[in-house]
Each structure stands twice: as structure tokens, then as C-alpha cells.
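Have a look at the structure below, then the notes.
Whatever order the structure lists ligands and atoms in, that order sets their numbers, starting from 1.
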Amino acid sequence: MTFEPTLDFARQLDAQDPLRDFRNRFYIPPAPHGGDSIYLCGNSLGLQPRTARAAAEQEFTAWEQMAVEGHFNGDSPWMHYHETLADATARVVGARPLEVVVMNTLTVNLHLLLISFYRPTATRYKVLMEGGAFPSDQYALESQVKLHGFSPDEAIVELQPREGEYTLRTEDIEAKIRELGDSLATVIMGGINYYTGQVYDMAAITRAGHAVGATVGFDLAHAAGNIPLHLHDWDVDYACWCTYKYLNSGPGGTSGVFVHERFAYQPDLLRLAGWWGHDASERFKMRKGFRPMAGAAGWQLSNGQILPMAVHRAALDIVEAAGGMEALRRKSELLTGYLEFLIQRLELPASVLEIITPADPAARGCQLSLLVHQNGRRVFDELSEAGVVADWREPNVIRLAPVPLYNSFQDVYRAAELLTKAFLVKADDLKN
Ligand SMILES: *Cc1c(COP(=O)(O)O)cnc(C)c1O
């Protein structure tokens, strides 16, 4: 599509957008000086679905009216609540329902999965991850290697971009995996890097990892609900994600877990166990001896967090109603492409502004990360003051994430206009 840098054109794109009405299913927070904000921060916390409160309310009512009986009675008995999320969750990440479960929170799940899929030996103990991974993932891995008696400096290998580049090349990731060979125990990377917005080639990385006998897992915090995923077909071993970013399921919301089907019927696969992972038909017999359920459900520990799961279910319903990830992705590519086009039209020199997110749509999701070399924080503050909710990452990156479910092409147009204004003012400042 040939874009045009006019408000009329943005309006036209909105008029043609089959998902334009989905915006009305969310609460858009107000801007500081009135009107709706331009919310480009769904990479940090997705907006509240208008159906979320009623979904939670329903469970409050069930609790009020049935109390303990709610586990077994009512529209959606709590004992089986997590099962009601499996189909929609599986569609979001390209899995079979058996391969997914919703439970806990993200970092907790990362640890639970590493207990099973990072099983180091004296010679095969290394972990490969992207340099500058999200801090929680770094800390999780540090503590996991220590748990097994290794030193993080020795056991954790971090991938770095080539000199003068900001993102990783797949061939370099594959080469590092080959180089580590049979010292490599597991690869654990983001599906999308939170800082640069780069999508990693999960199929290629999984193939390379398996070729040297390592397990391969992904933290999909920035990928789930953002891009279509095919975890089963890509043969990924394990993955987890949060639901409060692109899946709009509320602050501190629950998390999803994927364990490939080939591990579904391996009860002896080591895991940290709890009663909710135990064979459901025997769970209440309170017998000794853990017998896990088949599939990802066998990694559950505790009885389900009904209130966060109720909100998550309401949010997943919206993804389904929109036609699923492929439909969201079609709009997302246009929306982010339009933002990129408008920013490029600023024609700022690379010494002032660079987009460090890959230009290839296949190598990015909806987020663009702007590396602002001069006055970044002031540009960001000015955007905030004007009602653009973006996010700032030290030392000098502004992340803008137009989300296809609730952002419009006019949002993107107005955000770019305000960005232009902020930069022009800054350029004048520099002259004075
Ligand atoms: C958002 C995010 C987290 C947050 O972890 P929580 O356990 O949900 O607090 C962790 N890792 C990555 C890659 C993230 O993007």
C-alpha cells in the first residue's frame, strides 16, 4: 500500500478497517487535557475490556451465592475453570489444547518450566539467551544456574548484535548454538525482544537447538497476542507468556504455559508438583504419590486463580470475535507500517533519531522502538503531556506500540504529528 501523510488518508484507512469497531470494546483512558489519550502502551499494559468487570462480577456473585459449592456448581465450576481457557489459548499461540495451561504469573512459570527443561549435567550446562533480556528473565536464569551449582558467568551465554547493529541475525544465533554444541543445555529467548521489538525466528532457533541436543524455550511476553505463533509446528519445547500486555487481561494478570505434546505423556519428567497438576479424577482422594495429568495441565500447582482467569476469558473472547491472530496481524502490519512511514517522513538524521526495530515487517510485531540520541526524555515528556501514552526505557528509547484491537490509524497519525512537533521544538532549542 502507498501511504499518504494526511489526516484524510488516516481517516480513510480507519473507514476501511474491518476491526475499527473493536476499539469500542475497551476503555480508553482520558488525556491530561481532555479527550481520549492516544494509548500506544499495550506492550506494557493492555487496556481494560468493557466486559472485564462483568466477568469478574459473575465470579463474585458465584462466590457470594454458592461459596464452596462454586468449585463444583454454577455456569463455570472453578474446579474446571482453567479448562475453559485452553481452546482459545491454544489458538493464540498455535498449540493443541493439551499443550497449554493458564496459571500463576510469568516469571513463576518460567522457573517451573526451567526446572523441567534446564537439566544441566557436568558437561552440558550452558544456557543461551539474548543479551539485555528483560531483567526478570536474567534474574530467573542467574538463580536457576546457581540452583544447579554453576556460576552465571560461566553458564549463561548472551547473544550480542554485531558491531554497529541493534538486532540479532538469525545466522549468528544459529552459529552460536553450533559453537556451543553439546555444552548447550537450553536456549531461552524472548519471542519478541521487549526493547528492540525484534521477532526472533523461533522455528530456525528451535531447529538449531535441537540439532545440538538442547531444549528450546521462549518467553512470549511481547509475542502472545501480538503476532501469530505456531509453537506446535515450530516444535518449540516450552514457552510462557503474561496476559496483561497484548492480551489485555489486567495488571498482574495470569500467565500462559506451553509444553510440547511430545512431553505430554511423560509422568516421570521432573517437575515441581502440586495437587492441581495431579490426575483430576483422583485429586480429591488425597492419596500419596504424585501422578501428573497429561500435557501442560500436569505442571499446575495450585487451584486456579478464578478472578484473573475470568478477566482473561473475557479478553480472549474479544480476540476470538476479531477473527483471531491472523486478522489482528493484517491490521497490525498496516498500522505499524503507517507509523514507520510517518516517522521516516520527519527525515531526522541518524544522529538524532533511529528506529532500532527491524524494518522488515516479518521481523517485528506492532512495536517500534525509537532510539533518540538527543533530548529523548524531553521529547517523551512532551508526548505524554500532549496525551500520547508511550513508554520510556533507559537510557534513551521511546517505545510506541499501536495495537490493532484498539488503536486507529488516526491515533497513529496524531501521535506522529505530536512527535514531529516535539522534535521541531527541540531543533529550534538547539539553534538558540
Ligand atoms: C513483561 C515481562 C516480564 C514480566 O514478568 P512478570 O513475572 O509478569 O512480572 C517478564 N519477562 C518479559 C520478557 C517481559 O516482557
Does Arg50 qualify as a cation-pi partner of Tyr27, given the criterion of NZ or CZ under 6.0 Å from the six-membered ring centre and within 45 degrees of its axis?
yes
Output all residues satisfying ring-ring contact (aromatic ring centres under 6.0 Å, His included) with Phe341, sequence neighbours left out; order by chain, then residue number.
Phe3
Between ligand 1 and the protein, tabulate every N or O atom pair separated by less than 3.5 Å, reporting distance only.
residue  : atom   : partner : partner atom : Å
ligand 1 : 5 (O)  : Thr107  : OG1          : 3.3
ligand 1 : 7 (O)  : Thr107  : N            : 2.9
ligand 1 : 7 (O)  : Thr107  : OG1          : 2.6
ligand 1 : 8 (O)  : Tyr244  : OH           : 2.6
ligand 1 : 11 (N) : Asp137  : OD1          : 2.6
ligand 1 : 11 (N) : Asp219  : OD2          : 3.2
ligand 1 : 15 (O) : His222  : NE2          : 3.2
ligand 1 : 15 (O) : Lys245  : NZ           : 2.5

Should the pair Glu171-Arg162 be classified as a salt bridge under the 4.0 Å nitrogen-to-oxygen rule?
yes
Is the shortest distance from a Lys or Arg side-chain nitrogen in Arg377 or Asp381 to a carboxylate oxygen in the other one below 4.0 Å?
yes
Using atom types as modelled and distance alone, determine if a side-chain donor or acceptor of Glu154 lies under 3.5 Å from a backbone N or O of Ser151.
no
Note: Gln160 and Leu168 closest approach over all heavy atoms is C-CD2, 3.4 Å
